Structure formats: C-alpha cells, structure tokens
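Just so it is clear, the model here is predicted, and its values are computed rather than measured.
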Amino acid sequence: MSEEESYIPASLIDPTFAHTTNLASNALNSSILSCSNEYFAAASNLLTPTPPINRPGVFIHTGAWYDGWETRRHNPAPYDWVVIKLGVSSASIQGVEIDTGFFTGNYGEKASLQATYAAPGTPDSVVADEGYEGWETILPPVACGPAQRRAWNVAEEKVAGPYTHVRLLMFPDGGFGRVRVYGTAIPPPPPPAVGVEGESVGEEELSSALVGAVALGASDQHYTPCSNLLLPGRGKDMGDGWETARSRVQGHVDWAIVKLGLEGEVSRVVVDTKDFRGNFPRAVRVHGLVKGSVAEGEVPGQDHPGWVEVVKGDQPCQADTEHVFEGADVVAGSRTFTHVKLTLVPDGGVKRFRIFGRRSVA
C-alpha cells in the first residue's frame with residue numbers, strides 16, 4: 001500500500017477510527033521506555049490523551065515551551081526515535097496518526113512506525129535498547145506537515161499483530177505533538193479455572209479497553225467522548241469521563257453503546273460519577289445484547305430490537321459516587337452478552353462504566 005493509498009485527511013481521522021482505541025495514551029497505561037533525544041520537550045507528551053495546547057511567549061531554560069516531543073537540531077543520525085510500551089497485554093493496530101500540534105518551523109518532516117511483540121516476562125530494558133532487533137515496520141516513512149493532523153492505515157497484512165511495543169521514528173529531527181496508534185487490545189488469556197475442569201473462570205471486567213472493549217457510538221459527546229467510560233482507574237477530573245450537552249426536550253435521554261472486550265455473563269455493574277457534581281445524570285439504565293442477536297460485523301443502534309435489561313429499571317444517581325449494582329439489581333441472568341448500552345436520564349456526565357462477570361469460554 002502506497003503512502004497516497006493509506007493516507008487519511010484530518011477531517012476523516014475521527015470517523016475512520018471511531019470503533020478503535022488510541023493505544024498510545026497514558027490514560028491506557030502506555031509509557032515511554034527510551035528515546036534518542038528529548039532536549040527541548042519530553043517524549044512523554046506524545047502520549048497525552050488530549051489535543052496539544054499552545055503557550056506563545058512562554059520560555060523555559062532550553063527555549064520556547066512546546067506541548068510535544070522535540071529533539072535537538074542537526075541530528076547526525078538518519079532519525080530520532082522513541083520506544084513506547086503499550087498499556088495492554090497485546091494489540092492489533094489499524095492506523096497511525098501524527099499530530100504536529102503547534103510545531104511549524106521545527107516539525108519532524110517524516111515519520112515511520114515500527115512494532116514488536118515481546119513475550120511476557122521480557123525485561124523493559126531489552127526492548128528499550130537502541131540495538132534491539134525485533135522491530136518490524138508497519139508504517140514506512142510518510143510526510144508530515146506543520147501544525148496539522150495526518151493519519152495512515154496500516155497495511156492489511158500488518159494489522160493483526162499481536163504487538164506489545166511500538167517505536168516511532170522522526171526524520172531527521174524536530175518535533176511532534178502527539179502520536180496516536182489506533183487499534184484494539186487483544187484480551188489476555190483467562191485466569192486459571194476455579195475448581196474442577198470445565199467450570200467457568202472467575203469474575204473479570206468485561207468492558208475495559210484493556211481487554212478490547214470499544215465504544216461504538218453515543219447520542220451526544222459534546223464535552224468529552226464516551227470512549228473515556230472504558231479507561232482503567234477512576235481518572236483525575238471531569239475531563240476524562242463522558243459528558244453530554246444539556247437537554248431541553250421533555251423525555252430526553254442520552255445513551256452510549258459499548259462492544260464488550262470479553263463476551264460473558266454479567267454479575268455486577270458499576271456506574272461511576274466521580275468528579276461530576278452539579279452535572280451527574282438523575283438516573284441511569286443499563287441494557288445488553290445477548291450473544292447471537294447481533295450479526296457479525298453489525299454495529300447495533302440504540303433502537304436495536306434485541307436490547308434487554310441488565311440492571312433493573314431506572315437507578316437513581318448521586319454526585320461523585322461509584323454506584324455498584326449487583327445481586328437483585330442485576331437481572332441479566334445466565335445469558336452471554338456481547339454489547340451493553342448505558343442510558344443517562346436525561347443527560348449529564350459519567351466517569352466510568354464497568355461490566356463485571358464471567359467470560360464465555362468456548
């Protein structure tokens with residue numbers, strides 16, 4: 001696939017990768033292991049989940065302040081590089097975005113992405129070493145522009161992986177604001193079975209982006225995207241949850257649909273309104289789609305006829321609270337679910353949406 005064939009213009013990046021996860025994000029526990037140089041601005045900025053910001057006229061010891069990764073001038077090597085450890089156990093990769101942010105006269109002219117799979121137990125120092133030879137190129141060198149977003153599809157034969165680390169190359173030097181690696185986490189193996197052979201494994205989180213869950217869509221994402229619902233941890237502020245615009249129509253509700261990373265029986269549901277104090281929903285509803293009710297490759301809508309209750313009725317919410325629904329509140333039964341839908345009554349913000357249960361073991 002040529003650069004021209006794989007190229008995705010800025011206006012199409014978000015819709016193209018709407019059903020994937022940005023794997024190169026510190027919100028998903030990804031981290032920088034090593035880099036060739038970060039004299040002007042730290043490589044860790046590449047993994048910030050929010051867009052780059054600008055602070056014109058602000059200077060630090062090394063020069064102008066930049067929100068991104070910036071290396072020294074006059075690199076004697078062909079390129080600068082940075083090694084990123086993905087926060088998931090492994091992943092498939094569908095596309096790569098380079099956002100040059102506010103770098104204009106100092107942006108990196110070209111970028112390339114390499115990837116590798118490191119077996120569990122491999123020391124970070126092995127992959128971080130400049131001499132590591134396990135890299136394969138999944139995006140050959142492509143041209144970047146000043147102060148803009150550009151993205152490219154990964155060649156079909158390179159998508160599946162699995163990959164655990166990526167190495168970003170910048171030709172010959174300069175600055176990038178963000179790197180976004182779009183794909184899907186591959187679920188880790190199930191934990192050891194409990195009891196005798198043939199019994200189901202223990203309770204796991206079925207809805208985490210870390211095990212391959214993806215947000216398929218929402219009625220409204222005015223302030224923040226619904227994909228934040230699937231991130232690990234409880235986050236740091238309102239900006240890393242899902243928040244909709246205020247509704248003015250009688251009977252209005254907002255909704256978000258999630259494809260589970262692990263299909264399974266549901267035993268517990270968590271709806272966390274942490275940091276949402278004057279704007280949490282009045283109540284929430286939780287529905288699911290049972291395995292077999294959605295065709296292969298189908299993206300179900302909020303009006304799909306197969307939605308059934310997972311949590312009983314409308315559950316009232318409170319500010320800044322982790323609401324846990326289990327026992328009699330969960331009416332999912334022993335059915336295997338593939339998708340879930342969170343409905344906000346009538347609107348508002350939620351930090352995390354977690355579905356726990358036993359994964360289906362084929």
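- Aromatic ring centres of Tyr79 and Phe171 lie closer together than 6.0 Å.
- Taking a cutoff of 4.0 Å between a charged side-chain nitrogen and a carboxylate oxygen, Lys312 and Asp329 do not qualify as a salt bridge.
- Atom CZ of Arg246 has 12 or fewer neighbouring heavy atoms from other residues, nucleotides or ligands inside a 6.0 Å radius.
- Under a hydrophobic-cluster definition in which Ile, Leu, Val, Met, Phe, Trp and Tyr are linked whenever side-chain heavy atoms come within less than 4.5 Å, directly or via other members, Ile186 and Val159 are assigned to different clusters.
- Follow the hydrophobic side-chain contacts under 4.5 Å out from Val286 and you never reach Leu289; the two are in separate clusters.
- Dense packing is recorded around NZ of Lys341, with more than 12 heavy atoms of other residues, nucleotides or ligands lying under 6.0 Å away.
- Residues Leu344 and Val284 share a closest heavy-atom pair of CD2-CG1, 4.1 Å.
- Ionic pairing of Glu203 and Arg268 is present here: one or more N-O contacts between side-chain nitrogen and carboxylate oxygen are shorter than 4.0 angstrom.
- When the side chains of ILVMFWY residues are joined at heavy-atom separations under 4.5 Å, either directly or via intervening members, Leu262 and Leu28 end up in two distinct hydrophobic clusters.
- There is no path of hydrophobic side-chain contacts, each under 4.5 Å, that joins Ile13 to Tyr7.
- Under a 4.0 Å N-O distance rule, the pair Glu97/Arg178 does not qualify as a salt bridge.
- Minimum interatomic distance between Leu210 and Gly87 (heavy atoms only, all atoms of both residues): CD2-O, 3.6 Å.
- The shortest distance between side-chain heavy atoms of Val211 and Leu260 does not fall below 4.5 Å.
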Test Ser219 against Asp254 for side-chain hydrogen bond (donor to acceptor under 3.5 Å, both in side chains), laying out the working first.
-> CA-CA 6 Å; Ser219 57; Asp254 280 313; 2.7 Å; yes
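- Nearest heavy atoms, Gly241 versus Thr224: O-OG1, 2.8 Å.
- Close placement of the Phe103 and Tyr66 rings is indicated, their centers lying within 6.0 Å of each other.
- Nearest heavy-atom pair across Asp272 and Val350 is O-CG1, 3.3 Å.
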